[in-house]
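Chain letters run A, B, ... following the sequence lines, proteins first, then strands; residues in each count from 1. The basis for the numbers below is simple: all heavy atoms, side chains too, and nothing from hydrogens, waters or symmetry mates.
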Number of protein chains: 2
Amino acid sequence: MDSKIFNLKAKLEVYKAMTNGGNFADCPVRDVIQGISGKWNSLLVMALAEKPYRFGELRRLVPDISQRMLTQTLYDLQRDGYVHREVFPTKPPSVEYSLTDLGRSMFAPLQMLVQWAELNHDAVREARAAFDAAQA
Amino acid sequence: MDSKIFNLKAKLEVYKAMTNGGNFADCPVRDVIQGISGKWNSLLVMALAEKPYRFGELRRLVPDISQRMLTQTLYDLQRDGYVHREVFPTKPPSVEYSLTDLGRSMFAPLQMLVQWAELNHDAVREARAAFDAAQA
DNA sequence: TAGTGCTGGTCTCTTTTTGAGACTACCACT
DNA sequence: AGTGGTAGTCTCAAAAAGAGACCAGCACTA
């Protein structure tokens, strides 16, 4: 993965949008990135990209999320249009969460990041260990 | 950007790594994603991808970050190996932050997400407005 | 020569966010 | 009558983030 991946023209476009013409505050891209950079947001999108899940299924799938945060993160994702929430009138009503088209289209680039993480988590862990050793 | 982008084989690989074989807790990918999904992390990586910056320059570039969070986020990014910190012995010592090779390689997929955000922030904003209207 | 500003931070305090866990109501099954 | 599963909400404690004062050292200025 050499530096050729940095297409200059694309970079300039990105920066222009990102910096909103000079300043990083009040930047629309930042607004969007913010919405998916929470602690659980990307994780739940990844889970729902696989298949729709019900509330309790997600809770079991991600054991260390609190119900409170699960509720809230799903709410946020729904609000931003990534997730669709559907209530089924079963005997105890069940709720199914699934990705919308927007959510699926967002998952595509997110997946790139996940793949990068998969390939490089060793490097990150080594960097961390080296840094901590140097601090001591 | 249709569904053909979802290569099934790649997906399965990703899920395997992501879920650590069934559970989402203790997942290395999650560990890495966590490190770049903070509120300021991706923003600073984006800034440093453009060119190296000094501490005060970053503070001015991102006016709504507190010094405390700037210090800490840069520290975290340095610890994970994305950012290099170099002190120059000028009269008031100046410190320059730059991306490492690892940081640059991580920026490549991050850039995909930024481009997606650039293209879709209108859709997200509309979804938000529609959702808020429906709640009222 | 005292005052001002710039450097890159740290320290403390307050506010916000997150986490842990009890609690709810309804229904099915035993 | 008791137990468990449904999807949450509510409250309180802990952790993280934001605001802003403060620091030392040097340069320039008045």
For [X] and [N], give me the distance from atom [atom1] to atom [atom2], rounded to whole Å.
{"X": "Arg54(B)", "N": "dT7(C)", "atom1": "CZ", "atom2": "C1'", "value": "7 Å"}
{"X": "Arg59(B)", "N": "dG18(D)", "atom1": "CZ", "atom2": "P", "value": "16 Å"}
{"X": "Asn41(B)", "N": "dA16(D)", "atom1": "CG", "atom2": "C1'", "value": "13 Å"}
{"X": "Glu57(B)", "N": "dG9(C)", "atom1": "CD", "atom2": "C1'", "value": "16 Å"}
{"X": "Glu96(B)", "N": "dG9(C)", "atom1": "CD", "atom2": "P", "value": "13 Å"}
{"X": "Leu58(B)", "N": "dG8(C)", "atom1": "CG", "atom2": "P", "value": "9 Å"}
{"X": "Leu70(B)", "N": "dT7(C)", "atom1": "CG", "atom2": "C1'", "value": "14 Å"}
{"X": "Glu86(A)", "N": "dA7(D)", "atom1": "CD", "atom2": "P", "value": "14 Å"}

Exercise for the section: Tell me what Phe88(B) touches on the nucleic acid: a base, only sugar-phosphate, or nothing, going by heavy atoms under 4.0 Å. Expected result: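 Nothing, no heavy atom under 4.0 Å.
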So does [X] get a side-chain nitrogen or oxygen closer than 4.0 Å to the phosphate oxygens (OP1/OP2) of [N]?
{"X": "Arg85(B)", "N": "dG9(C)", "answer": "yes"}
{"X": "Arg60(A)", "N": "dT6(D)", "answer": "yes"}
{"X": "Tyr75(B)", "N": "dT10(C)", "answer": "no"}

Handout entry: Non-hydrogen atoms of Met46(A) and Val114(A) that approach each other most closely
Key =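 Scanning both residues completely, I find the closest heavy atoms to be SD-CG2, 3.4 Å.
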Problem - Shortest non-hydrogen separation from Leu99(B) to Ala49(B) and the atoms involved - result: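 Residues Leu99(B) and Ala49(B), closest heavy atoms: CD1-CA, 3.6 Å.
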Exercise for the section: Please name all residues satisfying side-chain hydrogen bond (donor to acceptor under 3.5 Å, both in side chains) with Arg128(A), sequence neighbours left out, ordered by chain then number. Expected result: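 Here the qualifying residues are Asp31(B), Asp80(B).
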Problem - Test side-chain hydrogen bond (donor to acceptor under 3.5 Å, both in side chains) applied to Asn120(B) - qualifying residues, sequence neighbours left out - result: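 Here the qualifying residues are Trp116(B).
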Practice task
If a protein heavy atom is under 4.0 Å from the base, mark B; if only from the sugar-phosphate, S; if neither, -; do that for nucleotides 12-30 of chain C going 5' to 3'.
Solution key: B-----BBB-B--------
Problem - Asp76(B) and Arg79(B) ion-paired at < 4.0 Å - result: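 No salt bridge links Asp76(B) with Arg79(B).
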Problem - Verify same cluster id: Tyr97(A), Phe88(A) (apolar side-chain graph, 4.5 Å) - result: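 Per the 4.5 Å side-chain linkage, Tyr97(A) and Phe88(A) are not co-clustered.
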Practice task
Please find out if less than 6.0 Å separates the ring center of Phe131(B) from that of Tyr75(A).
Solution key: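 Between Phe131(B) and Tyr75(A), the centre distance is under 6.0 Å.
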